Every structure is written in structure tokens, then in C-alpha cells.
Engineer: 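Just dropping this structure here.
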Amino acid sequence: MMPNFSVRCWTQHMIGVTGTLTGIQMSNVRTRIAPSPTGDPHVGTAYIALFNLCFARQHGGRFVLRIEDTDQARSTAESEQAILDSLKWLGLDWDEGPDVGGDFGPYRQSERMGIYRQYAEQLVKEGHAFYCFATPAELDQMRQEQMARGETPKYDGRSLALSYDEVQRRLENMEPHVIRMKVPHQGVCEISDMLRGNIQIDWAQVDMQILLKADGMPTYHLANVVDDHLMEITHVIRGEEWINSAPKHQLLYQYFGWEMPTLCHLPLLRNPDKSKLSKRKNPTSILYYQRMGYLPEAMLNYLGRMGWSMPDEREKFSLYDMLSEFDINRVSLGGPIFDTEKLRWLNGCWIREELDADLFAQRLQNWAYNRETLMPILPHLQQRVEILSDVAPIASFLVSGMLDLSEDRFLRESKLEKSELLKLLQFALWRLEALRHWQRELIFEEIKLLATQLEVKLKDFLAPLFVAIAGTSASISVMDSMVFLGPDLSRARIRHAIEVLGGVSKKQTKKLEKDYAQLGKAAQGKDA
RNA sequence: GUCCCCUUCGUCUAGUGGCCUAGGACGCUGGCCUCUCACGCCGGAAACAGGGGUUCGACUCCCCUAGGGGACGCCA
């Protein structure tokens, strides 16, 4: 993680300022960001965090970071660390969280395991929830049948029919089970949103949500309600993808007899095609933007322009500026497209206007132009230069963003046909997207395996990869280059290469996916 | 498919019933500055999704239609 001193400085300063303010105008406003550590730090998380932070501070309240790691299969410590680091890099600071502690801890749901079951069982005792013994496969079949009949897939209440004795017997037998909440069969649920007013949803649309999973972990729905209550969260500001779950949450608050926080659903960040921002179509990892050389101030500034504007409409503003002018009513509800072109322009403004030559030099050093970063790659360069000035031309791709590629270049450097190249690059991309640990040996193994599976000589397989990553096959080791560039930039370059070659249509993707799945099977067959 | 949310230039947005001949910004484009480029400055093209109401008056309020998005998991 690259430290950023100037940002840290003024954020510290801000804490000082708000700290004094709270003394005068005490407020009990508490907001939270609750990321799930299951992948790369997402710009959407930062966006929601920013608005939660602004809202809390503006009211002299507190902003909490809580880790929602109830998905045991997918949550990782590395992901959690990356999320924390990324948010800090951006200059976002929380008053309570797993790293800084607080009076309402622990702030990691896996460490709060003990508390959820009792709440779920309390609901069972009070008749608001029930044990369910249906297996995932059974439910899958149920949903398929419902879909076939043209119905909305929904839990049919099968375990509700079980007698008390039957349930007890099965529990004593230690049969795998979950706890589900009961939901009214009819009527309308009215939820209130700070920005959208009242929203009405038929109870018939609401599923009997699982509260406690078979592994004893709570689902988001239970954990989020219990923790928001125990952590005294007053305002839940989250993405609009949660609107349809709000009735469940409201019902849980009612069952428990707790006061419900005020809800506020922000519009979702979008891809250029208007769909929800996704890494398939747009870089979504904060690490990507960091590696590309965006300034954290500019990133945060841009996220603040998503669905929000300053009263005087100024484009460039710091977190401090935003904090002092923040008004959540200025949020506009249309889903904003994350436009990297405008972000780029804004970043340029920050570089030109906020940095003198000295600070600019510091940023460059912190970013990549430093001994520690360059060291691993220097031996490779040393082999192929004769004079020192040979270094810059052959190493420039290592400190560049997207390369200026052409279809022609790929065809010249490879003997494969265009469709073959596309397939090869797409498969390589999928393999590398699935790779959890970005290490030289692991990358190499994936590539080698893929070449074998496709029955392409490694040399031929590597050629287009060289062009995608380095712009030419006359370059240093493509594996080492990818390690140096990191996963986000490497994957982005391969995606870019695919685009340059004309891209892959939806139809083609389907076919490729099928072929790709076959590869896996063939490999498994060989192994066995 | 069902339900929910949303809808101002290509994009981000201003607009909370008269100030709108709809403003700003990115991008595009013409020019100026200038050893080139970039920056900067000046100018241009570019939008209220459509239809009904309400009102003396609708970008603004209501309804319908259309379009877009989201949700429908033992993921969050």
C-alpha cells in the first residue's frame, strides 16, 4: 500500500475539527459501512462509505466500519486488509472498526458468532421464525419447478408443516437445519426512505428468509439488523439494491421490538451500458485505480460527484469541502455512470493545481518510481541494455496505463488467427481472474496448463500475452511483468487486448464459456 | 416472468411551480495564446422520454405508457 502523507494530514486535521464540534453539538447519529471481505476493494464500497462518513460527520455523529464476514467460504483476511487499506488510502476514516476498536465491538461479525443464534432462537420461541430442514438441492428443485410454472421462486413453507415433536426429534438427531423468519401472507409493507419517501411492497413478494445458516452463521439480513441495533446505528445509508430486502429488515425490527434506523438508499454506480458497475465491464477495484496512478483525493472527489453536487456546482473539492457543505438531500436518484474519462480530467486538475514540483515528485516516488518497487525488475532490464538510456524505452510499459495496441500488431507477432487469439486471451483472462494469489509460479502454472489443454505450444501461447501485457513480444519475461504490474492492471490489459481484437460478443462468450468448461473437465479426467 | 426503484445534452449534473430563450462540467468541435504539444482563455453543436391531467402558469405536482436499472440465494 502506498502511503499518502498529505491526505493523511488533512484527514487528521478534520478529526480534530469535528472532535471539537461534537463537544458543542452532541449528536447520536451513527452510520456505518459494512463491507464483505470476499474480493477486491470495490469503488462502490468507497462511494457508499463516503456518503455515510459525510452524513455522520455533518451531524457531529460517528462513522463505524463493520466487517460482514459471515460467508465463511468466501471471506478472506487478505481481502479485509485490502479493503481497510484502500479506504484509508482514499482518506476515509472511521471512528470505530476492527482496527481501531470502539465501545460496540467486536466489529467483525465472525467474532460476534455467539450472539446471533440466541436472537434467531428467540424468534423461534416467540413464533416469528422456524426450523427448516430442506436441503439446498431440494430447494433448488423447488425453485426450478416454480419457475417452470411461471411463478416467482419462493420458499413454499414446507418445514412449517412439521409438528413440534418432529422438529425436536430432528434437532436431537443433529440434522442439518436453518432458521427461517415467518412473513405475513398478505397485506402491504410500507417502508420509509429518506430520499424516496414511502415505498410499498406486497408481503406476498417477500420470501421467508433464512436467518441462520446451516453452519450456524447468520445471513446478512439477521446479522445486519442485530448489529445495527446493538451498535446503535441510527441511519442506514446503502445501495438501492437493498430496497427489496427492506421489508424483511423492518419486520425483524418489529419482531424484536427495536427501533428501526432511518433508511436511505443511494443510487448504484453504473457501467457505461447503464448496468450495475461490474468488473467484467469496467475496472472496479480501488487497487486498479491506485496502480493506474490516480490520486486518492481525485478519486474521492469524483465519487463525491456521483449522484451529488456542491451547492455552488464546483467540480473540484476536497473531502473537507464536501464535509462542510454536505446535505444528503442534494443526492440525485438517477444511477450515475462511472465515467473514467471525467475522472481522468479531474485527476489532472488535482495534479496541476494542488501539487508543486516537489509534491509531484513525492507522489511519483510513492507510486512506482522508487527503489523498492523497481528492484525486482531491474535484473531483467540489465540483461538487455547496453547503455543506460536503453532502459526507458524497454521498461516504459511497466509504468504505463493502457497500451496503445492494434489488431495488426497481434497478427504480426503471432501465427495464430484472430479468433484463436481471442479465445486464447479470453481463457487466459478467466484463469487469471480466478487466481487468488498473484505469484509468479502460480501464474506460470495456470498459463502452462492452459497451453497444454488447448494443445498450443507455450511459445505460441505466450506471444499474444506478450503483446497484451508489454505491447511486443520483444520484452522481458511476461510472467515477471505481470507480477510487477499486479493483478488489476494485468487483467485490465488483457481485457483491453480483447477489445482491440474486436471484442467478444454475448453469443461468442456463451460458446467460449462452454468450451472453457469442457477444458476443466478434460483436465480433471486426466488428473484422475 | 413477478415486484420495486429511476428518467434534464453522449456522460456527470443545476433546477424544489413563474428568475428557463433550461445553467455549469467532461467529452466533441471552432478560435486565441504559443517554437510544437499540453495547459489556459474565448466561442459552438448538444437535453427536460412520450401522452394525459392539476394550475393563470409546469423541467418542477399527479396518472398512464415507454425505456433503463435492481431484486427474486444456506452471497452480501
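Note that the structure is a prediction, hence the values are computed from the model and not measured. Hydrogens, waters and symmetry mates are skipped; everything else that's a heavy atom, side chains included, is used.
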Engineer: May I have the distance from A:N198 (atom CG) to B:rC62 (atom P), rounded to whole angstrom?
Structural biologist: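 Whole-Å distance recorded here is 13 Å.
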Engineer: Does B:rG18 have a Watson-Crick or wobble mate here (both distances under 3.5 Å), and if so which one?
Structural biologist: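 B:rC56 - that is the nucleotide pairing with B:rG18, both distances being under 3.5 Å.
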Engineer: Respond yes when some side-chain nitrogen or oxygen of A:T38 is under 4.0 Å from OP1 or OP2 of B:rC75, and no when none is.
Structural biologist: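 The answer is no; no side-chain N or O of A:T38 sits under 4.0 Å from OP1 or OP2.
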Engineer: Sticking with atom C1', work out how far B:rA47 lies from B:rG24, rounded to a whole angstrom.
Structural biologist: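 Those two atoms are separated by 14 Å.
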Engineer: Just name whichever nucleotide pairs with B:rA71, Watson-Crick or G-U, keeping both distances under 3.5 Å, else none.
Structural biologist: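 With both distances under 3.5 Å, B:rA71 matches B:rU2.
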Engineer: CZ of A:R352 versus P of B:rG40: gap in Å, rounded?
Structural biologist: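 Those two atoms, CZ and P, are 5 Å apart.
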Engineer: Please determine whether the number of non-hydrogen atoms from other residues, nucleotides or ligands lying under 6.0 Å from atom CD of A:Q118 exceeds 12.
Structural biologist: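 Counting other residues, nucleotides and ligands, CD of A:Q118 exceeds 12 neighbours.
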Engineer: Please determine whether a side-chain nitrogen or oxygen atom of A:R143 lies at a distance below 4.0 Å from atom OP1 or OP2 of B:rC74.
Structural biologist: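 The answer is yes; a side-chain N or O of A:R143 sits under 4.0 Å from OP1 or OP2.
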Engineer: Measuring only the C1' atom in each nucleotide, how far is B:rA46 from B:rC3? A whole number of Å is fine.
Structural biologist: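 Result for the C1' pair: 37 Å, nearest Å.
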Engineer: For A:L65 and B:rA76, give me the distance from atom CG to atom C1', rounded to whole Å.
Structural biologist: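 So the two atoms are 15 Å apart, to the nearest Å.
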Engineer: Counting only side-chain nitrogens and oxygens, does A:T70 get under 4.0 Å of the OP1 or OP2 atom of B:rA76?
Structural biologist: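 Answer yes for this pair, as a side-chain N or O of A:T70 is under 4.0 Å from OP1 or OP2.
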Engineer: Report yes or no: is the cationic atom of A:R66 (NZ for Lys, CZ for Arg) closer than 6.0 Å to the six-membered ring centre of A:Y107, at no more than 45° off its axis?
Structural biologist: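 Not satisfied by the 6.0 Å and 45° rule.
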Engineer: Can you tell me if A:K213 touches the phosphate of B:rC75, counting only side-chain N or O atoms and a distance under 4.0 Å to OP1 or OP2?
Structural biologist: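 A:K213 to B:rC75 OP1/OP2: side-chain N or O found under 4.0 Å.
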Engineer: Would one find a side-chain N or O of A:K342 under 4.0 angstrom from OP1 or OP2 of B:rU13?
Structural biologist: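 Looking at the OP1 and OP2 atoms of B:rU13, neither is under 4.0 Å from any side-chain N or O of A:K342.
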Engineer: Nearest heavy atom decides the nucleotide; on that basis, is A:Q200 or A:G307 closer to the 5' end of RNA chain B?
Structural biologist: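 Of the two residues, A:Q200 wins.
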Engineer: Taking the cut-offs as 6.0 angstrom to the six-membered ring centre and 45 degrees off its axis, would you call A:R30 and A:F104 a cation-pi pair?
Structural biologist: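 Yes, A:R30 and A:F104 form such a contact.
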Engineer: Once you apply the 3.5 Å cut-off to both distances, tell me the Watson-Crick or G-U wobble partner of B:rG43, or none.
Structural biologist: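 For B:rG43, the partner nucleotide comes out as B:rU29, under the 3.5 Å rule.
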Engineer: I'd like to check A:P336 versus A:P267 (side-chain heavy atoms, cut-off strictly below 4.5 Å). Are they in contact?
Structural biologist: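 Side-chain contact under 4.5 Å: yes.
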Engineer: In whole angstrom, what separates A:K248's NZ from B:rC74's P?
Structural biologist: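 One finds 9 Å between P of B:rC74 and NZ of A:K248, rounded.
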Engineer: Check whether A:F63 forms a cation-pi arrangement with A:R32 (NZ or CZ under 6.0 Å from the six-membered ring centre, at most 45° off the ring normal).
Structural biologist: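 Judged by the rule (NZ or CZ under 6.0 Å from the ring centre, within 45° of its axis), A:R32 is not positioned above A:F63.
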Engineer: Between P on B:rU13 and CZ on A:F317, what's the gap in Å once rounded to a whole number?
Structural biologist: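 To the nearest whole Å, that distance equals 11 Å.
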Engineer: Measure NE2/A:H265 against C1'/B:rA71 and give the value in whole Å, please.
Structural biologist: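 Result: 11 Å.
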Engineer: For the residue pair A:D165 and A:S163, confirm or rule out a side-chain donor-acceptor distance under 3.5 Å.
Structural biologist: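 A:S163 and A:D165 do not have a side-chain donor-acceptor pair below 3.5 Å.
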Engineer: What integer distance in Å separates A:R270:CZ from B:rU11:P?
Structural biologist: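 Result: 12 Å.
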Engineer: Identify whether any heavy atom of A:R330 sits under 4.0 Å from a base atom; if not, whether one sits that close to sugar-phosphate; answer base, sugar-phosphate or nothing.
Structural biologist: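 Since only primed, P, OP1 and OP2 atoms lie under 4.0 Å of A:R330, the category is sugar-phosphate.
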Engineer: A:S36 near the nucleic acid: base, sugar-phosphate alone, or nothing, with a heavy-atom cut-off under 4.0 Å?
Structural biologist: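 If one applies the 4.0 Å heavy-atom cut-off, A:S36 turns out to touch the sugar-phosphate alone, with no base involved.
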Engineer: Over how many whole Å does the gap from A:D71 atom CG to B:rC74 atom C1' extend?
Structural biologist: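 So the CG-C1' distance, A:D71 to B:rC74, works out to 10 Å.
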Engineer: Assign each of A:Q205 and A:I337 to its nearest nucleotide of RNA chain B by heavy atoms, then name whichever residue's nucleotide is nearer the 5' end.
Structural biologist: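 Checking each residue's closest nucleotide, the 5'-ward one belongs to A:Q205.
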Engineer: Suppose we call a contact any N or O donor and acceptor under 3.5 Å apart; does that hold for the side chain of A:E315 and the base of B:rG24?
Structural biologist: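 Indeed there is one.
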